[in-house]
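To start, the structure itself, in structure tokens.
Counting begins at 1 with the first residue of the sequence. Counting starts at 1 for both ligands and their atoms, in listed order.
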Amino acid sequence: MSDLAQVAVTTLKGVGPALAEKLARVGLETLQDVLFHLPLRYQDRTRVTPIGALRPGGDAVVEGVVSGADIVLGRRRSLLVRLQDATGTLSLRFFHFSQAQKDALKRGTSLRCYGEVRPGATGLEIYHPEYRALGADEPSGQVEQNLTPIYPSTEGLTQQRLRALSEQALRALDGRSLPDWLPAELARRHRLAPLADAIRYLHRPPPDADLEELAEGRHWAQHRLAFEELLTHQLSLQRLRESVRAQQAPPLAKATRLPAQFLKGLGFAPTGAQQRVAAEIAWDLQQPAPMLRLVQGDVGAGKTVVAALAALQAIEAGYQVALMAPTEILAEQHFLNFGKWLAPLGIEVAWLAGKLKGKARAGALERIAAGAPMVVGTHALFQDEVRFRNLALAIIDEQHRFGVQQRLALRQKGVDGRLCPHQLIMTATPIPRTLAMSAYADLDTSILDELPPGRTPVTTLVIADSRRPEVIERVRAACAEGRQAYWVCTLIEESEELTCQAAQSTFEELSLALGELRVGLIHGRMKPAEKAAVMEQFKAAELQLLVATTVIEVGVDVPNASLMIIENPERLGLSQLHQLRGRVGRGSAVSHCVLLYHAPLSWMGRERLAIMRETGDGFVIAEKDLELRGPGEMLGTRQTGLLQFKVADLMRDADLLPAAREAAQQLLERWPQHVSPLLERWLRHGQQYGQV
Ligand code: ADP
Ligand code: MG
């Protein structure tokens, strides 16, 4: 039997050009594809249930003789067929039916049908059962030998059709026609069944299969395939990593002058963690291969200082640095920070964002091309028209919103289009281990696991907005004691405009209610200069209460602020709430965060806010966020295809990952000839994870 990866579906009985085209649309082109198109769930049609033993609620196979078929005119016209066996009577009800169908269901016809049994007007009924007339010579009681697979389907592809195709493909399946690329030694070590057995089992499970286990994806046959898929994913990331590392990067000599000057002006000493991570980066940058390093650190851990130290090494060596952030506001904060830090060192900081137009834009492009040492901006920095003179280091903040592709696109921006820039990726969202291992397996990781001194834990309260007046009094009391507070309005229906309006009216309401306080307002629609002015006033304690949209999520640092109210926190992701809350607890006073939710909360909503109340640990929060929302939403990579698995599920199969990773490593070392066939099998239709 030839390799099923090479055998086209058109060789199967009943597959003509029209059907082949439909199949191609769902990625089924070869027999191997058909075999990897696995059922979503199963039905048990292996037993006939006597009508007298039927119970409402479950699915059942029933056999009987038609004792009557009538059109009844109730609230909806329907065809009611009475079916009888030795133990009782059942009704089959059709709301859609043809005359031919009615004629065929005449008295005395033997039927086998399948469907969900429910209580109805006439006793137990099945609506629109699947049914088949039994021939006179057909023995009754002969039902399916196996559980019936239900395949993922699209329009024009019926279950019968998909079953017929998998039936034929299974007949062609054996260990040689579908090579098992997991070497026996690895399969033994990880207790994995042969591939063909797993595939066969999943398409046609025996009657005694554990349906619950299958539904939950915990079955050995599913594990076998999930393991192979995860392993293949790791292989592709390894490939990606190798292809990046095989490139040349400008080695950057260890800097001395600029970092010393910078630290002297900083006003505080770096933490131990900052020093350690900065040293790891400094070493990477001296190498002639590109650095690919992810710095993870909780909110307020001080990643920006680490980034600045890296930047200074490149600048001192005479090269350019680009710092990219996913939003204009975040980029702007960095621009202000770096401007403040680097100006005393005589280093120019250039700015480029999508909103920059006309002359200002042309000017920025010119300065970048001429070699402005430090460039800060949004992903506008990726655009083709942006030419760097000699870019040696790209710093990307909040990596999880950038895709692998974008990371790779950076290469073209390197020196002479030949030397790849070093890449430093910073994420404030701590990435759970499981995700780090799969989404970021191509990166080295450094962790800033120490907060700067002087932070105090924040107490979080979850309060319904029916108690808003009490909360307002709380703000009054805190400010009377000389503290400052934030009042945060969250995003409304994805609309910045509506959100800013809401902040405006909250500002008016609170100004009125708290007449004796100096209240300020800041939101995304204000001009940068206006925002900066308001922030300055708040920092200088000229304002006591700051009403804000989530623009204050980033870069705001006012140690005297010890109270934060977040309205409608249920609208935000946990990580974002964590970021926001990180704006308080920066001084020595005990700080509070009030999550002012709008009742009623969904179950999920309650769970999420409870997590915020219970922990201040960004890693725990990220793990929970992942559990509740799934990796796609959390990383925002749904579109990139980065984490689209066919069988595996990152949450469910997290425990398989370490072993799959280890197996991938061994496969690369000892069975390198198996790598390409595996990549081909699992990734041919999907995006090659970060194709280069
Ligand atoms: P994040 O890791 O969330 O990006 P930032 O880099 O914005 O954190 O730092 C948060 C705040 O802590 C900033 O105001 C920064 O100046 C301050 N900071 C950073 N490192 C230290 C340190 N070692 N000691 C004291 N303050 C620090
Ligand atoms: Mg930051």
For ligand 1, find out whether one of its N or O atoms is nearer than 3.5 Å to an N or O atom of [X].
| X | answer |
| --- | --- |
| Thr304 | yes |
| Lys303 | yes |
| Pro453 | no |
| Pro452 | no |

Donor-acceptor pair, [X] side chain versus [Y] backbone, under 3.5 Å?
| X | Y | result |
| --- | --- | --- |
| His598 | Glu570 | no |
| Ser562 | Ser591 | no |
| Gln286 | Ala253 | no |

So is [X] close enough to ligand 1, meaning a heavy atom under 4.0 angstrom away?
| X | answer |
| --- | --- |
| Arg586 | yes |
| Ala269 | yes |
| Gly300 | yes |

**Message:** Out of all atoms in ligand 1, which are within 4.0 Å of some heavy atom of Pro270? Include the element for each.
**Reply:** 23 (N)
**Message:** Using a 4.0 Å cut-off to any heavy atom of Thr271, which atoms of ligand 1 qualify?
**Reply:** 23 (N)
**Message:** Students often mix this up, so state it plainly: with edges at 30° and 60°, are the rings of Tyr486 and Phe538 parallel, tilted or perpendicular?
**Reply:** tilted
**Message:** Applying side chain to side chain donor-acceptor pair (under 3.5 Å) to Glu280 and Ser446, what does each step give before you reach the verdict?
**Reply:** CA-CA 8 Å; Glu280 284 166 358; Ser446 297; 2.5 Å; yes
**Prompt:** Hey, is Glu385 close enough to Arg361 for a salt bridge, meaning N to O under 4.0 Å?
**Reply:** yes
**Prompt:** Is the shortest distance from a Lys or Arg side-chain nitrogen in Arg518 or Glu542 to a carboxylate oxygen in the other one below 4.0 Å?
**Reply:** no
